[in-house]
Amino acid sequence: MITLIKNIKELLQVRETSVSKVSGAEMAVLPTIKNAFLVIENNLIADFGLMENLPEINADEVIDATGKIVLPSWCDSHTHIVYAGNREQEFVDRINGFSYEEIANRGGGILNSAKKLNETSEEEIYEQSKVRLEEVMHLGTGAVEIKSGYGLTIEGELKMLRVIKKLAANYPISIKATFLGAHAFPLHYKENKQGYIDEIITKMLPKITQNKLADYIDVFCETGYFSIEETEKIMEAGIQFGLKPKIHVNQFNSIGGIQAGIKFNALSVDHLEVMNPEDIEALKDTETMPVALPSCSYFLSIPYTPAREMIKAGLPLALATDFNPGSTPSGNMNFVVATACIKMKMTPEEAINAATINGAYAMEISETHGSITKGKKANLILTKPISSYYQIPYAFGSNLIESVFVEGKVLA
């Protein structure tokens with residue numbers, strides 16, 4: 001099957017030679033081709049270039065993209081898509097003046113989701129989660145990371161990871177699984193935190209790796225959750241079981257989580273709403289990707305990741321949704337890109353780089369996703385007719401997507 005997309009107004013994120021990530025000033029450079037063509041063959045990008053150089057092609061399908069833009073699909077490297085029920089009541093509680101921490105202290109938050117998840121069958125969790133996955137695919141996401149962390153019991157965590165594995169088997173987009181047993185301390189371990197950490201290390205990790213249920217290990221390193229010492233212990237154990245760390249840090253406080261992540265060569269450090277100069281300095285010249293979650297800041301009315309300071313310091317930055325029932329009940333990467341421009345003062349070029357090539361890096365899929373490069377997966381967004389790609393963040397409330405391609409096929 002050969003598909004030709006012709007007369008593309010502008011083809012974005014064109015990389016003749018694939019790069020793994022872009023950092024600092026490079027983030028402001030988004031290579032594009034105006035009046036372009038793109039050829040898809042066997043689910044992969046086979047060729048692209050200027051329309052005037054279009055070779056003779058015997059295509060099975062020809063799509064005329066006059067006035068429309070094509071870009072690689074979004075790579076969302078931080079989500080919690082697999083969960084049961086919702087936390088609408090907590091949303092109203094926050095409107096009425098309760099903080100995220102106050103709600104958690106009353107048995108809400110993560111513990112509320114854990115209770116619901118453990119009371120819900122695996123089949124029902126799968127049915128709820130696949131609806132969310134299909135929704136984000138239609139919003140242009142072509143690769144996604146999904147975390148566990150709402151089980152907080154051996155069976156609950158395994159149940160979540162099995163659901164993630166089933167989604168990965170049944171859907172064509174790339175799905176990476178992260179074990180986040182260290183998301184919060186369950187109530188029955190509130191006075192015995194070491195006991196829960198021992199359960200994660202000696203009981204959960206062996207079963208997860210034995211059943212090949214996760215790619216990464218995550219810890220919520222934050223005041224009132226997991227300390228630096230506890231985070232390091234869990235990361236170290238995960239590494240011994242072959243799981244690379246991707247950790248939650250600096251959401252509400254800067255307590256040294258970034259430095260702990262770097263120490264253990266974390267693939268990414270995520271959230272970063274509260275950053276001091278030492279945190280930014282520590283990330284320089286590392287292989288760890290900082291990941292910002294602007295729709296979480298929007299929903300919780302907390303600070304935004306200081307993108308300008310980080311990019312000025314030469315750092316890379318990725319953008320992700322944090323799709324979850326409590327702090328970001330949205331997996332819309334288009335809104336994330338727009339919010340990064342509006343609230344974090346990222347340029348459209350920086351935001352698109354952060355949501356494609358740098359997002360791919362934060363899932364270790366740069367070789368197959370994140371740019372228009374020959375041989376990469378044909379996971380693409382075809383916009384409606386728009387004036388320029390600036391309209392994607394500018395018209396933040398409009399759905400500008402006409403079609404989404406996953407492995408070369410248009411989503412129904």
Given the side-chain rings of Phe185 and Phe226, with only the six-membered ring counted for Trp, is the space between their centroids under 6.0 Å? yes

Is the backbone of Asp64 close enough, under 3.5 Å, to the side chain of Asn7 for a donor and an acceptor to pair up by distance? no

On a heavy-atom basis, the closest approach of Ala114 and Gly151 is CB-O, 4.0 Å

Would you mind reporting whether Ser73 and Val406 have side-chain heavy atoms less than 4.5 Å apart? no

Has Arg94 got a side-chain atom pairing as donor or acceptor with Leu300's backbone, closer than 3.5 angstrom? no

Is Arg308 salt-bridged to Glu350, cutoff N-O under 4.0 Å? yes

Residue pairs, two or more places apart or on separate chains, that pass salt bridge (Lys or Arg N to Asp or Glu O under 4.0 Å) and touch residues 273-293: Lys21-Glu287, Glu281-Lys284

Does the pair Glu407 and Lys409 meet the rule for a salt bridge (Lys or Arg N to Asp or Glu O under 4.0 Å), with working shown? CA-CA 6 Å; Glu407 299 213 335; Lys409 297 178 182 68; over 6 Å; no

Does a donor on one side chain sit under 3.5 Å from an acceptor on the other, for Gln89 and Asp93? yes

Can you find a side-chain donor-acceptor pair between Gln128 and Glu124 that sits under 3.5 Å? yes

Please step through side-chain hydrogen bond (donor to acceptor under 3.5 Å, both in side chains) for the pair Tyr171 and Glu134, ending with a clear verdict. CA-CA 9 Å; Tyr171 287 88; Glu134 289 170 9; 2.4 Å; yes

Tyr216 and Glu364: side-chain donor and acceptor closer than 3.5 Å? yes

Check Arg162 with Glu122, please: is the shortest side-chain N to carboxylate O separation under 4.0 Å? yes

Side chains of Asp218 and Asp270: closer than 4.5 Å at any heavy-atom pair? no

Charged N-O contact under 4.0 Å between Lys384 and Glu402: no

So do Leu380 and Leu38 actually touch side chain to side chain, heavy atoms under 4.5 Å? yes

Parallel, tilted or perpendicular: ring planes of His183 versus Tyr150, cut at 30 and 60 degrees: tilted

Which one of Ser174, Ser268, Cys75 satisfies the side-chain contact (heavy atoms from CB on, under 4.5 Å) criterion with Met363? Cys75

Sub-4.5 Å side-chain heavy-atom contact between Pro290 and Pro316: yes

Beyond-backbone contact of Lys343 with Tyr298, side-chain heavy atoms, under 4.5 angstrom: no

Does His271 reach the side chain of Asn250, with side-chain heavy atoms less than 4.5 Å apart? no

Looking only at atom types and distance, does a side-chain atom of Ser23 sit under 3.5 Å from a main-chain N or O of Leu315, one as donor and one as acceptor? no

Flag, side chain of Arg132 to backbone of Gly331, donor-acceptor distance under 3.5 Å: no

Count the heavy atoms of every other residue, nucleotide or ligand shown that sit under 6.0 Å from OH of Tyr394, and state whether that count exceeds 12. no

Electrostatic pair Asp47-Lys374, nearest N-O below 4.0 angstrom: yes

Hey, does Arg15 have a side-chain heavy atom less than 4.5 Å from the side chain of Pro31? yes

I want to check something: taking the side chain as every heavy atom from C-beta on, are Phe48 and Ile8 in contact at a cut-off of under 4.5 Å? no

